[in-house]
**Q** 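Below: one structure in C-alpha cells.
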Amino acid sequence: MASKRSYWLMKSEPEVFSIQALRRDRQTHWEGVRNYQARNHLRSMRVDDLVLFYHSNAEPPGVAGVARVCREAYPDDSQFDRKSPYYDPKATRQTPRWMLVDVKLDRKTRLMPLEEMRAHKALEKMVTLRRGNRLSITPVTPAEWNFIVKKLDG
DNA sequence: GCCAACGTTGGC
DNA sequence: GCCAACGTTGGC
C-alpha cells in the first residue's frame, strides 16, 4: 500500500532564495537547515510530499507558492564547506549532522500574507502560526492544506 | 532597528 | 542536569 502523502510549510527568505528563484531554477537543494527539529522533519519527508513555499523576513511575509519534494533527505554538503555560511565544524563526512531534500516548483501562486493566514479561523491551529514559533519547517494538516490551496487557487 | 521567543553552549 | 549567557529567527 502506498504511504500517505504529507504536507509541509518551508520558510525561505526571498533575499536568499525566493519563489521566483525556484521558478528560474525549477529545482533546488534546500540547504542550510541547522535546527534539529527542522532536520527531523526533513528526514520524514517523502517524494511527492507537497510544500507551501513561505517567504519569511519579507514585505509582506506569506505563502508564495507550492513545491514538491523530489528527492528524500541526504547529507547537506554545505556543512563541510568552510567557506559556506552554513559550515558546521562539528560535522564530518563520516558523521554528518545536517540533511537536505530537493524540491521542485509545483506552481507559483498569489501571495497569501501572514496577516490573512492569521485571520482565517481554519488556520488558527497551524504550527507555523503558533506564538513564538520560529521553526523553518513545519507540518501542515491535510485540512489546512486543502483550505489554503483553495484560497490560493480559487 | 527593536525585541520577544526560542535554541544552543558550556561552566559547574 | 541545571541554567546563565549568548545567538538566531522573524514579525513588526
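Below, chains carry the letters A, B, ... as their sequence lines are ordered, and counting in each starts from 1.
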**Q** Go through the structure and list residues passing salt bridge (Lys or Arg N to Asp or Glu O under 4.0 Å) with A:Arg82, not counting sequence neighbours.
**A**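 Per chain and number, A:Arg82 pairs via salt bridge (Lys or Arg N to Asp or Glu O under 4.0 Å) with no residue.
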**Q** Measure CD/A:Glu13 against C1'/C:dT9 and give the value in whole Å, please.
**A**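 Whole-Å distance recorded here is 8 Å.
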**Q** Under 4.5 Å between side-chain heavy atoms, hopping through other hydrophobics if needed: is there a path connecting A:Phe147 to A:Leu129?
**A**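 Yes, it is one cluster - the side chains of A:Phe147 and A:Leu129 are joined through contacts under 4.5 Å.
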**Q** Given atom CG of A:Leu135 and atom P of C:dT8, what is their separation to the nearest angstrom?
**A**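 After rounding, the reported distance stands at 17 Å.
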**Q** Measure the distance from CG on A:Leu129 to C1' on C:dC12 and round it to the nearest whole Å.
**A**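 Distance check: A:Leu129 CG to C:dC12 C1' gives 16 Å.
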**Q** Once ring-ring contact (aromatic ring centres under 6.0 Å, His included) is applied, do any residues pair with A:Tyr7, and if so which ones, sequence neighbours excluded?
**A**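 By the ring-ring contact (aromatic ring centres under 6.0 Å, His included) rule, A:Tyr7 matches A:Trp145.
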**Q** Are A:Val69 and A:Leu50 linked, directly or through intermediate hydrophobic residues, by side-chain heavy-atom contacts shorter than 4.5 Å (ILVMFWY only)?
**A**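 Shared cluster, no.
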**Q** Rounded to whole Å, how long is the line connecting atom CZ of A:Arg118 with atom P of C:dG10?
**A**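 Interatomic distance, CZ of A:Arg118 to P of C:dG10: 12 Å.
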**Q** Nearest to the side chain of A:Lys11, heavy atoms from C-beta on, is which of B:dT8, C:dG11, C:dG10?
**A**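 Out of B:dT8, C:dG11, C:dG10, the nucleotide with an atom closest to A:Lys11's side chain is C:dG10.
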**Q** Could you go over nucleotides 1-7 of chain C and give all protein N or O partners under 3.5 Å, atom names and distances?
**A**
none

**Q** Looking at C:dG10, C:dG11, B:dT8, which one has an atom nearest to any side-chain atom of A:Leu114?
**A**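 Output: C:dG11.
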**Q** Pick the closest DNA chain B nucleotide for A:Asn57 and for A:Lys90 by heavy atoms, then say which residue is nearer the 5' end.
**A**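 Nearest-nucleotide comparison on DNA chain B picks A:Asn57.
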**Q** What is the separation between atom CZ on A:Arg130 and atom C1' on C:dT9, rounded to the nearest whole Å?
**A**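 Those two atoms, CZ and C1', are 18 Å apart.
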**Q** Determine whether more than 12 heavy atoms belonging to other residues, nucleotides or ligands lie under 6.0 Å from atom CZ of A:Arg5.
**A**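 More than 12 within 6.0 Å, yes.
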**Q** Can you measure A:Arg34 atom CZ to C:dT8 atom P for me and round it to whole angstrom units?
**A**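 Answer to the nearest Å: 13 Å.
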**Q** Any side-chain N or O of A:Tyr54 less than 4.0 Å from the OP1 or OP2 oxygen of C:dG11?
**A**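 Yes, within the criterion.
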**Q** Do A:Val127 and A:Leu114 share a hydrophobic cluster (ILVMFWY, side-chain heavy atoms under 4.5 Å, transitive)?
**A**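 The answer is no; the residues belong to distinct hydrophobic clusters.
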**Q** Of the options A:Tyr36, A:Phe80, A:Tyr87, which is the one that meets A:Trp98 in a ring pair (Phe, Tyr, Trp, His ring centres under 6.0 Å)?
**A**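 Testing A:Trp98 for a ring pair (Phe, Tyr, Trp, His ring centres under 6.0 Å) against A:Tyr36, A:Phe80, A:Tyr87 leaves exactly one candidate, A:Tyr36.
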**Q** Nearest whole angstrom, please: distance from the P of C:dC12 to the CD of A:Glu59.
**A**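 Distance check: A:Glu59 CD to C:dC12 P gives 10 Å.
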**Q** In whole Å, what is the span from the CZ atom of A:Arg39 to the C1' atom of B:dT8?
**A**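 Between C1' of B:dT8 and CZ of A:Arg39: 14 Å.
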